[in-house]
There are 2 protein chains.
Amino acid sequence: MQDIADRVGVSRCAVSLVLSGKAKSTRISEGLRRKIIDTAAEMNYTPNELARGLRTGQTKTIGVIVADISNEFFGELVYHIQRRAMAYDYSVIITNSNEDPDAMLREIHLLVNRQVDGIIMVPTNNSLHVANHIVSLSIPFVQVDRFLPGVDASYVILDNFDASSQLTEKLYRQGCRRIAMVRHETSALNGRLEGYVQVMEEHGIYDSCLVKNIDYSSEADDVRSAIDELFKEEVSIDALIFQSHELFLLGISYIRTAGIDFKNRIKIATFDKIEAFALVDFPLTYVEQPIGEIGREVVDILLSQIKGSNEITQKVFKGSINEI
Amino acid sequence: MQDIADRVGVSRCAVSLVLSGKAKSTRISEGLRRKIIDTAAEMNYTPNELARGLRTGQTKTIGVIVADISNEFFGELVYHIQRRAMAYDYSVIITNSNEDPDAMLREIHLLVNRQVDGIIMVPTNNSLHVANHIVSLSIPFVQVDRFLPGVDASYVILDNFDASSQLTEKLYRQGCRRIAMVRHETSALNGRLEGYVQVMEEHGIYDSCLVKNIDYSSEADDVRSAIDELFKEEVSIDALIFQSHELFLLGISYIRTAGIDFKNRIKIATFDKIEAFALVDFPLTYVEQPIGEIGREVVDILLSQIKGSNEITQKVFKGSINEI
DNA sequence: AACGTATATTTAACCGATTAACTTATATAT
DNA sequence: ATATATAAGTTAATCGGTTAAATATACGTT
């Protein structure tokens with residue numbers, strides 16, 4: 001800036017005023033404005049956002065903490081978040097928590113030290129204290145995909161209860177009565193269990209042995225034994241809902257290697273829409289999340305908080321049921 | 001810092017010296033060091049990385065430009081990059097280029113303005129001027145996954161030629177003679193074509209009608225017509241190599257919907273390892289990239305350049321051939 | 001001529017760190 | 001007793017911007 005100022009023959013601050021678009025409000029003459037802009041372009045000036053951020057207290061950066069960016073769902077979510085943020089001239093710093101609360105805490109500090117203007121986080125199991133910590137920092141904060149009950153913060157999620165009951169109801173209407181569910185033991189996904197349970201109970205066909213819990217730490221093993229049990233003759237299921245695409249892939253994969261024939265006997269259903277569906281050659285019912293809208297909304301809410309809104313917004317999107 | 005200094009009763013810079021770990025070299029007494037550290041902890045001090053970055057000229061941040069973070073391969077790549085960077089206390093700013101050179105240029109400026117210490121980029125078609133622009137900025141820069149011939153910069157890639165010829169050779173040994181390839185028309189992936197062509201020619205079985213080019217802008221349509229042509233009776237292929245997992249998914253999906261029976265007639269092969277393989281129920285040969293190593297290596301090279309090395313490192317990893 | 005009022009630009013403080021150069025006090029050597 | 005070295009900190013400049021307040025110039029009025 002000093003160089004530009006020298007070249008044009010004005011003070012450094014005149015350059016700043018012009019270049020930060022405050023020429024009109026501070027009545028810099030049009031001639032000088034042009035000259036400064038031209039000279040800046042000529043000299044390939046690009047502003048140092050660090051200095052600007054230091055002075056203004058705004059970095060135009062948002063921090064995103066996801067469990068695992070290599071997960072297809074989060075990858076797509078981050079894609080939409082990044083695009084929306086970009087549209088508003090915000091950058092995105094990504095960090096992976098690997099579902100570990102301690103890592104999340106470290107990453108929050110890292111983001112805060114970098115003076116991000118706000119944080120978007122996918123909360124995980126046992127991260128209540130982490131979320132509350134962010135709230136106590138009183139930095140703009142929005143949860144996405146999941147939310148922690150009792151945390152005083154905004155969130156954007158899928159209406160899991162509704163999606164799950166719609167899905168279960170659909171299977172019921174198609175004649176299924178012994179509908180099983182393979183689920184993760186996460187409070188964040190409880191809605192997917194509850195929607196299912198309610199519909200099953202409404203129709204008087206709920207049976208607790210149809211629900212199998214999978215632990216994160218022993219996913220593959222748990223899925224195998226869950227499948228083994230569910231496919232026993234006496235359980236006689238006619239539909240199987242996987243609570244996430246990870247479980248779906250693990251499940252189908254095992255069913256295949258175990259040589260179990262299910263195609264014409266058992267309807268399969270799952271949550272999320274993934275690339276792998278291109279390879280599905282059996283009837284599949286799935287819940288599709290409006291992931292683009294979710295990503296955009298979470299950015300919009302965060303930005304409104306960054307702009308000063310104290311409103312806590314909790315937005316719930318409906319999923320749609322599709323079939324292959 | 002001033003607050004800590006006041007509380008302890010020393011100057012601001014003593015605090016800085018201690019907190020940035022320069023206590024020994026500047027001979028701050030051990031007692032004072034302890035007191036400052038304790039007071040800082042007590043007061044929940046966290047450094048402002050912006051200010052630090054402004055002063056030191058180092059932001060401990062690297063910018064990553066990928067074509068599409070929601071792409072499974074790039075998602076995983078970014079995952080490894082982020083983890084490795086994190087291990088060295090570096091943060092990662094992600095941007096999506098959507099394979100658009102103009103977008104890349106914008107993002108580079110954005111990253112440069114934010115004073116990133118270095119840039120990792122997946123170059124795309126027609127981005128030669130973009131890469132050269134980064135080089136002209138003389139900022140540490142490494143290309144990954146693909147590279148642009150003629151650009152004077154480091155890169156980390158898969159040995160596509162080797163992988164492709166290994167793959168082709170393997171199919172040949174398994175008795176295939178009419179091996180087809182569905183490929184993207186990108187110079188970045190030329191190695192995958194050339195390795196194939198060489199092996200085919202070596203065995204005297206190369207036939208140009210076995211190679212189908214797919215345009216990025218009309219992927220789905222092109223794949224459909226490519227498949228249609230390849231599966232004509234008179235072409236009589238016995239193996240089909242897809243040059244990327246995107247093409248593989250599109251291809252298999254179309255083959256399925258078209259009701260073409262290939263399972264026991266035609267061997268399928270592809271590049272990359274993706275989640276969808278969990279659903280594969282036919283023999284599949286694929287090239288697996290050491291993606292974790294690639295991610296780590298690209299960070300290591302970038303960091304060595306950031307640390308001052310002027311060496312241009314061009315690292316080529318071998319892929320491994322696997323079967324399902 | 002004196003004054004008020006826009007207009008156009010500059011001054012100087014500030015954001016929160018880092019660090020080269022300097023000061024002061026004490027210890028050790030000659 | 002004097003010179004030298006070492007220890008333990010402090011001073012002040014700096015990074016590259018922003019912005020409230022001050023200043024200077026021109027213009028229109030009475």
Side-chain angles (χ1 to χ4, degrees), chain A residues 1-37 39-40 43-61 89 91 109-117 139, chain B residues 1-37 39-40 43-61 89 91 109-117 139:
Chain A
M1 276 193 164
Q2 187 63 64
D3 295 346
I4 298 175
D6 290 349
R7 180 95 78 105
V8 177
V10 291
S11 76
R12 196 163 94 266
C13 78
V15 177
S16 168
L17 257 16
V18 168
L19 261 26
S20 54
K22 298 198 183 60
K24 276 135 290 171
S25 53
T26 58
R27 294 174 290 240
I28 299 285
S29 67
E30 181 54 24
L32 181 55
R33 202 182 71 90
R34 276 247 64 81
K35 203 188 295 183
I36 288 176
I37 289 189
T39 312
M43 300 176 74
N44 276 318
Y45 169 80
T46 67
N48 182 324
E49 294 293 340
L50 246 47
R52 182 177 286 185
L54 179 58
R55 178 60 227 239
T56 62
Q58 266 215 69
T59 53
K60 292 232 171 200
T61 304
D89 260 328
S91 295
H109 281 134
L110 193 143
L111 293 173
V112 169
N113 291 355
R114 282 175 202 255
Q115 313 295 116
V116 296
D117 294 339
I139 174 178
Chain B
M1 276 194 163
Q2 188 62 63
D3 294 345
I4 298 175
D6 290 349
R7 181 94 79 106
V8 177
V10 292
S11 75
R12 197 163 93 263
C13 77
V15 177
S16 169
L17 257 16
V18 169
L19 261 25
S20 54
K22 297 195 184 62
K24 277 134 291 174
S25 52
T26 57
R27 294 174 292 240
I28 298 285
S29 67
E30 180 55 23
L32 182 54
R33 203 182 70 90
R34 276 247 67 79
K35 205 189 293 186
I36 288 176
I37 289 190
T39 311
M43 298 176 74
N44 277 317
Y45 169 80
T46 68
N48 182 323
E49 294 293 340
L50 246 48
R52 182 177 285 182
L54 178 59
R55 177 60 227 240
T56 62
Q58 265 214 68
T59 52
K60 293 233 169 196
T61 304
D89 261 328
S91 295
H109 280 135
L110 194 143
L111 293 173
V112 169
N113 291 354
R114 281 176 203 255
Q115 314 293 118
V116 296
D117 294 339
I139 173 177

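Lettering of chains follows the sequences in order, A, B, ..., and the numbering in each one begins at 1. Both backbone and side-chain heavy atoms feed into the values below; hydrogens, waters and symmetry mates do not. Just so you know, these numbers come straight off a predicted model, no measurement behind them.
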Q: Under 4.0 Å from any atom of DNA chain C, heavy atoms only: list the residues of residues 25-33 of chain A that qualify, in numerical order.
A: A:Thr26, A:Arg27, A:Ile28, A:Ser29, A:Leu32
**Q.** Along DNA chain C (nearest heavy atom to each residue), the more 5'-positioned of B:Leu54 and B:Leu17
**A.** B:Leu54
**Q.** Other residues, nucleotides, ligands: >12 heavy atoms within 6.0 Å of B:Lys60 NZ
**A.** yes
Q) What residues form a side chain to side chain donor-acceptor pair (under 3.5 Å) with B:Ser29, not counting sequence neighbours? A) none
Q) When rounded to the nearest 0.5 angstrom, what distance separates CG in B:Leu50 from CG in A:Leu54? A) 6.0 Å
**Q.** Minimum-distance nucleotide (side-chain atoms of A:Ser11 versus D:dT18, C:dT11, C:dA17)
**A.** C:dT11
Q: Rounded to the nearest 0.5 Å, what's the gap from CG on B:Asn48 to CE on B:Met1? Could you check?
A: 10.0 Å
Q: May I have the distance from A:Gln115 (atom CD) to D:dG17 (atom C1'), rounded to whole angstrom?
A: 16 Å
(Q) Starting the side chain at C-beta, find the nucleotide from C:dA17, D:dT18, C:dC15 nearest to A:Thr56. (A) D:dT18
Q | Distance, rounded to the nearest Å, where B:Gln58 contributes CD and C:dG16 contributes C1' | A | 18 Å
**Q.** Evaluation steps, side chain to side chain contact (heavy atoms under 4.5 Å, CB included), between A:Met43 and A:Ile4
**A.** CA-CA 8 Å; A:Met43 300 176 74; A:Ile4 298 175; 3.9 Å; yes
Q. CD1 of A:Ile4 versus P of C:dT10: gap in Å, rounded?
A. 14 Å
**Q.** Whole angstrom value for the distance that separates P of C:dA12 from CZ of A:Arg55
**A.** 16 Å
Q: Find which nucleotide of DNA chain D each of A:Lys22 and A:Leu50 is nearest to by heavy atoms, and output the residue with the more 5' nucleotide.
A: A:Leu50
Q | Interatomic distance where CG belongs to A:Asn48 and P belongs to C:dA17 [whole Å] | A | 17 Å
Q: Would you tell me whether A:Thr61 and B:Arg114 have side-chain atoms, one donor and one acceptor, within less than 3.5 Å of each other?
A: yes
Q | Distance in angstrom units between B:Ile36 CD1 and D:dG9 C1', rounded | A | 10 Å
Q) What is the distance from CZ of B:Arg52 to C1' of C:dC15, rounded to the nearest Å? A) 16 Å
Q: Between C:dG16, D:dG17, C:dT18, spot the one nearest the side chain of B:Ser16, thanks.
A: C:dT18
Q: Could you tell me the separation between the NZ atom of A:Lys60 and the P atom of D:dT18, rounded to a whole number of Å?
A: 12 Å
Q: Nearest 0.5 Å please: distance from the CD1 atom of B:Ile28 over to the CD1 atom of B:Ile36.
A: 6.5 Å
